[in-house]
Number of protein chains: 2
Amino acid sequence: MSDLLGRLRGRGWRMTAQRRVVAEVLDGEHVHLTADEVHARAVAKLPEISRATVYNTLGELVSLGEVLEVSTDKRAKRYDPNAHRPHHHLVCAQCGAIRDVHPTGNPLADLPDSERFGFTVSDVEMTYRGLCPNCSTA
Amino acid sequence: MSDLLGRLRGRGWRMTAQRRVVAEVLDGEHVHLTADEVHARAVAKLPEISRATVYNTLGELVSLGEVLEVSTDKRAKRYDPNAHRPHHHLVCAQCGAIRDVHPTGNPLADLPDSERFGFTVSDVEMTYRGLCPNCSTA
DNA sequence: GCTTGACTTAGACAAGGTCCATTGTAGGAT
DNA sequence: ATCCTACAATGGACCTTGTCTAAGTCAAGC
Ligand SMILES: [Mn+2]
Ligand SMILES: [Mn+2]
Ligand SMILES: [Zn+2]
Ligand SMILES: [Zn+2]
């Protein structure tokens with residue numbers, strides 16, 4: 001994701017220390033942090049960054065399509081930098097661990113016309129649930 | 001759902017005006033109300049019912065397996081009385097309308113071992129998104 | 001009709017998230 | 001290099017959703 005900053009600059013995004021830090025925190029695979037987790041990690045790198053700025057920056061990254069909002073639990077939204085490859089999620093029902101997954105098949109084709117109620121269906125979001133290796137041995 | 005009350009009484013549930021009203025509000029097909037929507041409709045039938053009682057009653061109905069919690073958006077949880085037939089949801093991205101749907105196929109089988117990361121996968125939840133007839137003509 | 005433990009209530013509290021007036025600054029203009 | 005200003009950051013008030021508690025109420029069994 002190191003060209004994320006370049007891409008953003010190219011779109012006229014004003015570069016600030018705060019935005020750089022938020023983008024850094026979101027770098028990586030299988031990253032699904034809550035806003036407050038992002039804030040905590042950002043504070044470690046830039047102590048004076050505010051909660052409002054983290055929320056603002058996350059919202060902008062989502063609008064720009066660089067980060068996805070994910071709601072695997074009913075608590076806080078999670079922010080996912082893996083926006084370029086469509087994927088679904090596998091969640092541990094006990095500890096909340098989240099992995100990106102890529103099922104085979106075309107779930108859109110599995111929704112018959114009679115089950116579409118006249119909707120124009122454009123997308124489907126799947127959340128697999130189970131126990132992670134750690135939690136299932138316990 | 002008229003035998004819901006009977007079933008609950010059979011399980012030793014003390015019957016009160018408040019619980020009866022909440023159960024009545026939740027009767028029907030494609031019903032997915034938030035707690036505060038349930039409260040508003042309950043107040044119309046029983047003006048003195050409190051918010052806390054609605055939350056308590058919904059929580060009990062969920063524990064008893066008579067109502068499901070659904071999180072199709074990132075806002076409030078929704079309560080779904082269609083707990084006896086497994087199903088998924090189709091949501092209008094614009095107005096939020098929700099329909100129950102029954103896709104064909106077995107999505108669990110579509111998750112290869114290599115995409116399970118050692119998890120014991122037991123369940124999958126699908127949310128289809130699109131535009132309802134009303135919103136797509138606009 | 002009593003009694004009593006379960007139920008209900010109002011309101012305080014908490015977490016997640018938004019909004020706003022003020023202050024600060026990135027980056028183009030000179 | 002300095003100035004300007006539109007855009008960004010800040011802290012704190014505020015909102016929404018949901019939980020908790022102490023005190024009052026009542027369904028249901030005797
Ligand atoms: Mn992801
Ligand atoms: Mn449903
Ligand atoms: Zn786990
Ligand atoms: Zn609609």
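Here is the naming used below: chain letters follow the sequence lines, and residue numbers restart at 1 for every chain. Quantities reported herein were computed from a predicted structural model and do not represent experimental measurements.
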>> One pair to check against side-chain hydrogen bond (donor to acceptor under 3.5 Å, both in side chains): A/H39 and A/R51. What are the steps and the verdict?
In response: CA-CA 6 Å; A/H39 182 234; A/R51 217 164 139 268; 5.6 Å; no
Scan the side chains in residues 40-50 of chain B for donor-acceptor partners under 3.5 Å anywhere in the protein, sequence neighbours excluded, and list what turns up.
residue, atom, partner, partner atom, Å
B/K45, NZ, B/E24, OE1, 3.2
B/S50, OG, B/T53, N, 3.2
B/S50, OG, B/T53, OG1, 3.2

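- Each end of the helix from C/dG1-D/dC30 to C/dT30-D/dA1 yields a helix axis from five base pairs, and these two axes differ in direction by 30° (to the nearest 10 degrees).
- As rounded to whole Å, 12 Å separates atom P of D/dA9 from atom CG of A/L58.
- Contact annotation: the side chain of B/P107 never approaches that of A/P107 to less than 4.5 Å [non-hydrogen atoms, C-beta and beyond].
- Side chains of A/H30 and A/N82: no donor on one and acceptor on the other come within 3.5 Å.
- In this entry the distance linking CZ of A/R19 with C1' of D/dT10 reads 14 Å, nearest Å.
- A close approach under 4.0 Å does occur between a side-chain nitrogen or oxygen of A/T53 and OP1 or OP2 of D/dT10.
- Rounded to whole Å, the distance from CG on A/L33 to P on C/dG16 is 14 Å.
- Atom CG in A/L8 sits about 15 Å away from atom C1' in C/dA26, given to the nearest Å.
- Between B/E66 and B/R7 there is a salt bridge, with a side-chain nitrogen of the basic residue lying less than 4.0 Å from a carboxylate oxygen of the acidic one.
- Distance CG (B/L46) to C1' (C/dC7): 13 Å, rounded to an integer number of Å.
- Electrostatic pairing of A/E37 and A/R78 counts as a salt bridge here, judged by a charged N lying under 4.0 Å from a carboxylate O.
- The interatomic distance linking A/E37 (CD) with C/dG16 (P) rounds to 9 Å, in whole Å.
- Here the C1' atom of nucleotide D/dG11 and the CD atom of A/Q18 are 14 Å apart, to the nearest Å.
- Placement of A/F117 and B/V31 in two distinct hydrophobic clusters is found when ILVMFWY residues are connected by side-chain heavy-atom separations under 4.5 Å, directly or transitively.
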> Stepwise, does the salt bridge (charged side-chain N to carboxylate O under 4.0 Å, His left out) test hold for A/R85 with A/D100?
Replying inline: CA-CA 10 Å; A/R85 175 152 180 231; A/D100 291 344; over 6 Å; no
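- Distance A/H39 NE2 to D/dG11 C1': 11 Å, rounded to the nearest Å.
- Considering only heavy atoms from C-beta on, A/Y79 stays 4.5 Å or farther from A/H32 through its side chain.
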>> Strictly under 4.0 angstrom, non-hydrogen atoms only: write out the protein contact profile of nucleotides 14-27 of chain D, one letter per nucleotide from the 5' end, B, S or -.
In response: --SBBBB-----BB
